[in-house]
Amino acid sequence: MAEITTDTSHVFAAVLSRVTAAIEALVAAKRLPQNLDLGRVLVEPPRDPTHGDLATNAAMVLAKDAGKKPREIAEAIAETLRADDWVEAVAIAGPGFINLTLKPAVWRDALKAAILAGADYGRMPVPEAAKPVNVEYVSANPTGPMHVGHCRGAVFGDALANLLAFAGKPVTREYYINDAGAQVDVLARSAFLRYREALGENIGPIPEGLYPGDYLVPVGKELAARYGDTLRDKPEAEWLPDVRKIAIDMMMAMIRADLEALNVRHDVFFSERSLVEGTADAVARTIVELRDAGKVYEGRLPPPKGAPPEDWEDREQTLFRSTDFGDDIDRPLLKSDGSYTYFASDIAYHRSKVERGFSDLIDVWGADHGGYIKRMQAAVAAVSGGLAALDVKIVQLVKLLRAGQPVKMSKRAGDFVTLRDVVDEVGKDAVRFMMLNRKNDAVLDFDLAKVIEQSRDNPVFYVQYGHARGRSVFRHAREVVGELPENPGEQAKALVAGPLERLDDPGEIAIMRQIAQFPRLIEAAAAAHEPHRIAFYLYDLASAFHAHWNRGNDAPYLRFIIQDDPQLTLARLALVQGVITVLSVGLGLLGVEAPDEMR
RNA sequence: GGCCCCGUAGCUCAGCCGGAUAGAGCAGCAGCCUUCUAAGCUGUUGGUCGCAGGUUCGAAUCCUGCCGGGGUCGCCA
């Protein structure tokens with residue numbers, strides 16, 4: 001028999017436990033058969049609020065297995081629920097929905113629970129046997145500053161990691177540094193040119209194939225300062241490794257600074273080079289293992305369809321049998337020059353994640369890598385023996401606009417809008433919120449003019465303003481209720497001690513219900529790996545709060561501060577605190593500031 | 001051509017694990033307001049959920065095919 005939960009900090013879960021208990025009581029009384037699958041039983045807010053506070057689909061879900069009509073089951077469950085001390089009214093409607101109206105005290109208790117939990121409201125405990133999750137995001141090449149395209153993945157990954165951690169997952173945030181491919185050699189050569197420039201040489205235009213950006217000038221200077229002219233006349237093979245290392249380090253320092261400006265954090269920066277360097281070549285080891293397991297073989301691939309292959313050469317190559325795992329074609333691990341493909345080292349990298357104990361992997365990629373998902377999932381299945389799962393989240397293109405007009409991004413190399421440009425122009429809060437205010441796999445318009453607009457049209461402002469407005473009420477309320485304790489915990493206690501039963505206006509109760517939904521939202525958003533749901537929820541909550549505030553214009557008795565009624569004011573402050581709490585926790589998960597006032 | 005994503009109101013988008021009469025903002029229309037914190041408020045019009053089948057008590061949601069848009073298509077990362 002399931003426990004009945006009285007925990008109002010998660011009303012929906014608690015009510016579900018009561019519905020489940022009611023069903024189990026019916027089973028015990030032999031009014032329903034044994035072994036029913038209760039996994040699909042849901043408790044959720046009804047679409048139409050006039051139907052009640054909560055609805056459950058239990059009767060419809062169980063109907064088939066129970067061999068009874070939905071409404072018959074619903075009647076039986078309803079009978080039990082009518083006796084529940086949380087339940088005010090039960091109604092059966094439509095094809096078999098059970099609509100519940102809860103006693104107002106439940107919503108008040110939920111509000112109290114939210115206030116008392118404060119910054120931890122909605123946080124889920126880390127289960128005993130929690131599986132650690134690895135979230136990899138950004139992983140931009142260390143060959144230059146980050147551009148706007150990287151921005152969305154960075155923010156998405158960071159917010160997703162925040163969300164999962166809050167939902168009770170042990171999360172490691174990871175950045176894969178592609179510091180082993182041919183492109184970092186190009187970086188080194190480009191830096192070497194800047195080095196000669198720093199020594200006073202006229203280098204003229206940057207040759208085709210090298211990185212022309214000014215951001216390499218400081219690298220050249222650093223090399224000149226460190227080495228003088230001792231590298232200048234040496235053959236490339238002698239200077240390249242050192243120059244490459246310094247250039248990569250400086251690029252990574254720049255990237256980290258950019259990420260910091262966006263409030264994006266990582267726990268681990270994992271070097272691709274570390275996989276292939278030294279005695280233990282992890283890529284080679286991985287290939288050998290996979291070959292032993294029959295997942296790697298020498299073979300030929302058919303020429304690619306589509307684009308006419310100009311330099312296609314039909315040759316035998318080392319292939320990973322990704323077709324065993326649902327991919328369309330087997331994938332090469334070695335290039336024609338014998339070096340590893342990116343895919344090969346990426347397999348070794350993901351194998352490292354598995355080795356380090358992660359069975360839950362999430363990669364955040366740009367849309368242009370979509371075709372890569374199947375083979376990577378195949379690889380993860382292969383290196384983990386099917387024990388680890390990889391979820392790849394694709395973030396779609398961001399269209400940068402200014403007042404509706406596309407921002408021109410010249411193709412001329414080196415001349416692009418950097419992430420830093422955008423953050424400096426509109427601020428990290430606007431960037432982060434807007435990047436999360438759309439489903440990750442939908443294309444996003446980012447308008448530099450609109451996101452700094454202070455109006456209802458701008459969700460960033462609207463939500464932040466909700467928080468600021470709430471804080472402002474507290475500043476003004478001092479005159480009526482006196483000073484509240486400074487300490488947040490003490491203040492919370494003072495607030496929940498107020499006469500919350502006086503919060504009986506429909507607008508107030510609606511806000512309480514919305515606050516009570518937050519834990520459920522966190523659960524669902526975390527399970528779906530969809531942080532954008534938080535942004536939408538916060539907008540709705542802020543909207544309800546603003547709407548209630550505005551009602552006070554016409555109906556002064558609805559205002560939060562009632563001059564001659566300190567007790568009522570105290571109760572309403574509790575409601576405001578609930579709103580503030582949820583807005584601040586939610587914005588925190590998105591990595592957006594919850595300001596005390598707008599300027 | 002293969003694969004992936006998208007297609008929901010005039011526009012921009014939500015729609016949670018299949019659930020009740022498909023939602024929000026903007027624009028439009030009709031009123032109101034000049035403020036306990038100003039960046040206004042309230043109400044309202046508007047839909048063949050791309051099309052056609054299928055699965056079932058029930059489909060915007062799952063499956064198949066097609067149409068339209070985007071991405072991608074051995075060794076780049």
Side-chain angles (χ1 to χ4, degrees), chain A residues 39-42 44-48 51 55 57 60-61 63-64 69-70 93-97 99 139-141 143 178 181-183 272 300-307 309 311-315 317 319 327-346 366-374 394 396-397 437-439 441-445 453-459 461-462 465 468-469 471-473 475-477 480 520-521 523-525 527-528 530 532-533 535-537 539-540 543 546-547 549-554 556 559-563 597-598:
Chain A
R40 289 169 59 216
V41 174
L42 298 177
E44 53 191 357
R47 179 168 297 170
D48 183 344
H51 288 141
N57 61 354
M60 293 178 289
V61 169
K64 194 170 230 172
K69 289 181 185 154
F97 285 100
N99 291 325
S139 300
N141 287 335
T143 54
N178 298 125
Q183 83 285 354
E272 178 186 6
R300 291 169 191 278
L301 285 178
K305 304 262 161 53
D311 57 348
W312 170 262
E313 94 186 82
D314 186 24
R315 65 180 178 89
Q317 47 187 342
L319 297 170
D327 199 2
D328 317 312
I329 199 169
D330 291 336
R331 305 292 176 175
L333 299 176
L334 296 179
K335 299 184 204 170
S336 49
D337 66 358
S339 63
Y340 300 126
T341 61
Y342 181 83
F343 181 48
S345 42
D346 222 358
D368 52 341
H369 290 61
Y372 212 75
I373 297 176
K374 275 187 186 172
I394 290 295
Q396 263 291 353
L397 198 73
N437 198 35
R438 192 110 313 172
K439 230 170 10 184
D441 51 10
V443 181
L444 178 141
D445 290 341
E453 203 173 273
Q454 300 206 334
S455 75
R456 179 167 194 162
D457 308 0
N458 178 359
F461 162 76
Y462 199 62
Y465 182 40
R469 221 173 204 184
R471 299 294 301 161
S472 152
V473 174
R475 286 193 293 273
H476 284 87
V480 177
R520 179 176 173 271
L521 171 93
E523 244 174 29
E530 288 183 350
H532 77 271
R533 295 190 197 186
F536 280 95
Y537 167 88
Y539 184 85
D540 286 344
S543 187
H546 287 308
W549 176 290
N550 290 326
R551 269 177 228 122
N553 287 332
D554 295 333
R559 297 180 180 189
F560 294 108
I561 298 169
I562 304 295
Q563 292 297 331
E597 49 189 337
M598 305 298 284

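The sequence lines fix the lettering, A, B, ..., with proteins before strands; numbering per chain opens at 1.
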Give me the distance, rounded to whole Å, that separates [N] from [M] when you measure between the [atom1] atoms they each carry.
{"N": "B:U72", "M": "B:A77", "atom1": "C1'", "result": "14 Å"}
{"N": "B:G50", "M": "B:C16", "atom1": "C1'", "result": "24 Å"}
{"N": "B:G68", "M": "B:G31", "atom1": "C1'", "result": "42 Å"}

* Is there a donor on the side chain of A:H369 or the base of B:A77 sitting less than 3.5 Å from an acceptor on the other? ->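 By the distance-only test, yes, there is a pair.
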* Asked: Does A:D48 make a side-chain donor-acceptor contact with the base of B:A22, cut-off 3.5 Å?
  ->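 Checked by distance alone, the answer is no.
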* Asked: Is it true that A:E523 and A:R520 make a salt bridge, defined as a side-chain N closer than 4.0 Å to a carboxylate O?
  ->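 Looking at A:E523 and A:R520, the cut-off is not met.
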Please confirm whether the shortest side-chain N or O distance from [X] to OP1 or OP2 of [N] is below 4.0 Å.
{"X": "A:K439", "N": "B:C6", "result": "no"}
{"X": "A:K64", "N": "B:G18", "result": "no"}
{"X": "A:R40", "N": "B:C17", "result": "no"}
{"X": "A:Q183", "N": "B:A77", "result": "yes"}

* Whether A:H51 stacks on the six-membered ring of B:A20 base, 5.5 Å and 30° limits ->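 Yes, A:H51 stacks on the base of B:A20.
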* **A:F97 aromatic ring stacked with six-membered ring of B:A20, 5.5 Å and 30°** =>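 It does: the ring sits over the base of B:A20.
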Could you tell me whether [X] contacts a base, only the sugar-phosphate backbone, or nothing, with contacts defined as non-hydrogen atoms closer than 4.0 Å?
{"X": "A:V473", "answer": "nothing"}
{"X": "A:P46", "answer": "base"}
{"X": "A:S336", "answer": "base"}

* Nearest-angstrom distance from the residue atom CZ of A:R533 to P of B:C13 ->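 Going from CZ in A:R533 over to P in B:C13 covers 19 Å.
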* Would you mind reading off the distance between A:D337 atom CG and B:G74 atom P, rounded to a whole angstrom? =>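 Distance check: A:D337 CG to B:G74 P gives 17 Å.
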* Ring center gap for A:F560 and A:H476 short of 6.0 angstrom ->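 Between A:H476 and A:F560, which both carry aromatic rings, the centre distance is not below 6.0 Å.
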